[in-house]
Amino acid sequence: MTEPKAGRRSRIVVLGGGFAGIYTAMELEKAMDARDDFEVVLINKENYFVFQPMLPEVISGTIGMLDVVSPIRRLLPRTDLHVREVESVDLERKIVVCSPGFRAQPHVVPFDHLVLALGSVTDFRGMRGLPEHAFPFKNLGDALDLRNHVIRAMDEASIERHDERLRKQLLTFVVAGGGFSGVEVVAELNDFVRAVARNYPGLDPQEIRIVLLHAQDRILPEVEESLGLFAQKILIKRGVEIRFDTVLEAASGEEAILKGGERIPTKTLVSTVPAFPHPLLQGLPLPKAGNGKLLSTRHGNVEGQTSVWALGDGAILPMKDGKPSPPTAQHAIRQGAVVAHNIVATLRGQPLRTFDFLGLGKMGSLGRHSAVAELPGGIRISGFLAWFFWRSVYLMKLPGWGRKVRVASSWALDFLLPPELVQLKLGGSGGVTQEHFEPGQEVFRQGDLGDRVYVILSGAAEVWRKADGRVKPLARLGPGDWFGEMALLNQTTRGATVRCVEAMDALSLPKRDFTVLAANLPELRESFERVMASRRTAPAREDDPVPVGR
Ligand SMILES: Cc1cc2nc3c(=O)[nH]c(=O)nc-3n(C[C@H](O)[C@H](O)[C@H](O)COP(=O)(O)OP(=O)(O)OC[C@H]3O[C@@H](n4cnc5c(N)ncnc54)[C@H](O)[C@@H]3O)c2cc1C
């Protein structure tokens, strides 16, 4: 295996600052000594480490947003941290290429040993409407977006008293995925929404619907049946509607669409599935399993490689019993220790260690003072005891004393104080977004306020206008057509209804951004005005007008 080159320290480059990457670098730091024979570089998108098991608590505000993260520089004082996005890896030239920073040039980092610890990604590609309308739940930004959105939905529902359909949609929250993360998310969401409902005197708590979609016949397949059933009982008792054997197939901004055709009207859809290995791994000429994860040996090196190591959620690293390690933090942490040891052993010509960890059990929170835990020796606990155990273990695992104290005091205060209800708006969420519409769905209705312009990417929509008690079809629009500009340019309400007729993807530009563009690009404005004028004078289509109410 690779020996340190004479006169130069070997460089170990770790990609990813999650559980796997951070604990590898921590162990490498511990092995640094007077030999000064290696240096460690860690590349991560953010300058902080996210303690994912506590992320669902950010939704309810039980713990503060910053309490689930730790600055990597404090955790790894002797590691050279590069806060950049990794764009590619060249195994032959032994370099990692990262995104540019202030200088518009790629940042190239050479390595002697490479540790691949980029985790997994929630990938909605190929799932109709999910990339545009479902909330993933993986990192701090996801948790904050979801929390803000849920508070906004509650705020809106409290003033939409006249529109029952919209109000019910706003008060229906759907979570897809009944594994640990989906269950933890739905439990926190349920606790939060029901607890803060009392701050909205105009809301009827009976209208709140929290739905968990699960593809199998019982939730938490990761644990023994009795614990899964316990979790189900608790969630149902607390008002969660669990839909078993139910697969989420598609989404629009108006509804969650289930396999079989059923539609659940909602403005909030969270999906914790499906998770895939990091896309960057796909292009690497390294052995992979069918699901795209890198195949590692029990030493942690990628099969057939002596200086490339892979661990965590993006790798299949076998346990002592030959089974692949499950994608959990506890495994990633122990794998990190083995990989770090073996890299140093390789550099120093010492014997390698194997990954012998078999797991310490499984735990999942069910929200307010309840959890399930499966411990070694077949011990199973549930309810308050499991919840207390869950909290104690994660408090101990949380890196850094400062964070432990903060989280412990947030938890203590949570017993006394009502949930935090502040919506933290960090900058505008303006800019172009992509939206998906299903056939029959109205993009907007005649008389609505003009708030966006749309450009059709695929699919089709029809434009209808109501006049003299009848609705007339005005036009059929397809890819490349835009609509919605009239109300914005003329500062009026929508002059027609646009309804999707073929599953449609469209770019949507908010009024504020459209107005800035139209004001500063006269040619753009003129071309919009030309189209607008021709549409105004265009005769209604040949189809017969139909009575209002169609
Ligand atoms: C909501 C939730 C709850 C969970 N609860 C538990 C639990 O209770 N117990 C448990 O054991 N496990 C739990 N897990 C699973 C656990 O968090 C993962 O198994 C663990 O985080 C995997 O570690 P990792 O280092 O492989 O990946 P991650 O922790 O995902 O780390 C990957 C890192 O790579 C970085 N990265 C990705 N792409 C790039 C790029 N191109 N350039 C630079 N950096 C990049 C990311 O920013 C991230 O820091 C939970 C997961 C979630 C999402």
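Whatever order the structure lists ligands and atoms in, that order sets their numbers, starting from 1.
At a 3.5 angstrom cut-off on N or O pairs, Phe19 counts as close to ligand 1. Considering both main-chain and side-chain atoms, Pro56 never comes within under 3.5 Å of ligand 1 through any nitrogen or oxygen pair. Considering backbone and side-chain atoms together, Asp313 places an N or O closer than 3.5 Å to an N or O of ligand 1. Considering backbone and side-chain N/O of Pro327, one or more are found under 3.5 Å from N/O of ligand 1.
Arg84 counts as a contact of ligand 1, since one of its heavy atoms falls under 4.0 Å from the ligand. Not a single heavy atom of Phe180 sits under 4.0 Å from any atom of ligand 1. At a 4.0 Å cut-off, not a single heavy atom of Gly314 sits close enough to ligand 1 to count as contact.
We find the CG-CG distance between Leu269 and Leu146 to be 10.0 Å, quoted to the nearest 0.5 Å. For the atom pair Thr328 OG1 and Phe19 CZ, the distance stands at 9.5 Å (nearest 0.5 Å). In this structure, CG in Asp142 is found 4.0 Å from CG in Asn139, a value given to the nearest 0.5 Å. Residue Leu42 holds its CG atom at 11.5 Å from CZ of Phe49, rounded to the nearest 0.5 Å.
Residue Arg348 comes nearest to Ala31 through the heavy atom pair NH2-O, 3.1 Å, listed as atom of the first residue, atom of the second, then distance.
Judged purely by atom type and a 3.5 angstrom limit, Glu255 has no side-chain atom pairing as donor or acceptor with the backbone of Ile257. The main-chain N or O of Leu375 is never found under 3.5 Å from a side-chain atom of Lys362 such that the two would form a donor-acceptor pair.
The protein non-hydrogen atom at the shortest distance from atom 34 (O) of ligand 1 is Gly16 CA, 3.4 Å. Ranking the protein heavy atoms by distance from atom 25 (O) of ligand 1 puts Ala20 N, 2.9 Å first. Closest to atom 41 (N) of ligand 1, if we only count protein heavy atoms, is Val86 O, 3.2 Å. In terms of protein heavy atoms, atom 46 (C) of ligand 1 is closest to Asn44 OD1, 3.6 Å. For atom 29 (O) of ligand 1, the nearest protein heavy atom (residue, atom name, distance) is Gly18 CA, 3.4 Å. Protein heavy atom closest to atom 47 (O) of ligand 1, with residue, atom name and distance, is Glu46 OE1, 2.9 Å. Closest protein heavy atom to atom 7 (C) of ligand 1: Tyr394 OH, 3.2 Å. The nearest heavy-atom contact from the protein to atom 27 (O) of ligand 1 is Gly119 CA, 3.3 Å.
Checking Asn148 against Arg152 by side-chain atom types alone, no donor-acceptor pair falls below 3.5 Å.
Contact check for Pro285 versus Leu91: side-chain heavy atoms found under the 4.5 Å cut-off.
Close approach of ligand 1 to Ala117 is summarised as follows: ligand atoms under 4.0 Å from at least one heavy atom of the residue are 32 (C), 34 (O). Those atoms of ligand 1 with a heavy atom of Gly312 less than 4.0 angstrom away are 26 (O). Heavy-atom contacts of Ser181 reach the following atoms of ligand 1: 1 (C), 2 (C) (cutoff under 4.0 Å). Within the listing of ligand 1, atoms 1 (C), 53 (C) sit less than 4.0 angstrom from a heavy atom of Phe137. Listed by number with element, the atoms of ligand 1 under 4.0 angstrom from any heavy atom of Gln330 are 11 (O).
Atom NZ of Lys397 is surrounded by 12 or fewer heavy atoms from other residues, nucleotides or ligands within 6.0 Å. In this structure, Arg391 places its CZ atom where more than 12 heavy-atom neighbours from other residues, nucleotides or ligands lie under 6.0 Å away. No more than 12 heavy atoms of other residues, nucleotides or ligands lie within 6.0 Å of CZ in Phe388, so this atom counts as exposed by the packing criterion.
For atom 38 (N) of ligand 1, the candidate residues are Glu222, Gln335, His331, His278; the nearest heavy-atom contact is made by His278. In the candidate list Lys45, Gln52, Lys138, Lys397, Gln52 is nearest to atom 17 (O) of ligand 1, counting heavy atoms. Among Ala329, Gly359, Ser120, the residue whose heavy atom lies nearest to atom 12 (N) of ligand 1 is Ala329.
Between His369 and Phe415, the angle of the ring planes stays under 30°, which puts this pair in the parallel group of the 30/60° scheme. Between Trp411 and Trp390, the two ring planes are tilted [angle within 30° to 60°].
Heavy atoms of Pro53 found under 4.0 angstrom from ligand 1 belong to the backbone as well as the side chain.
Put simply, atom 14 (N) of ligand 1 has no protein non-hydrogen atoms near it, under 4.0 Å away.
For the pair Arg334 and Asp356, the salt-bridge criterion is not met [side-chain N within less than 4.0 Å of a carboxylate O].
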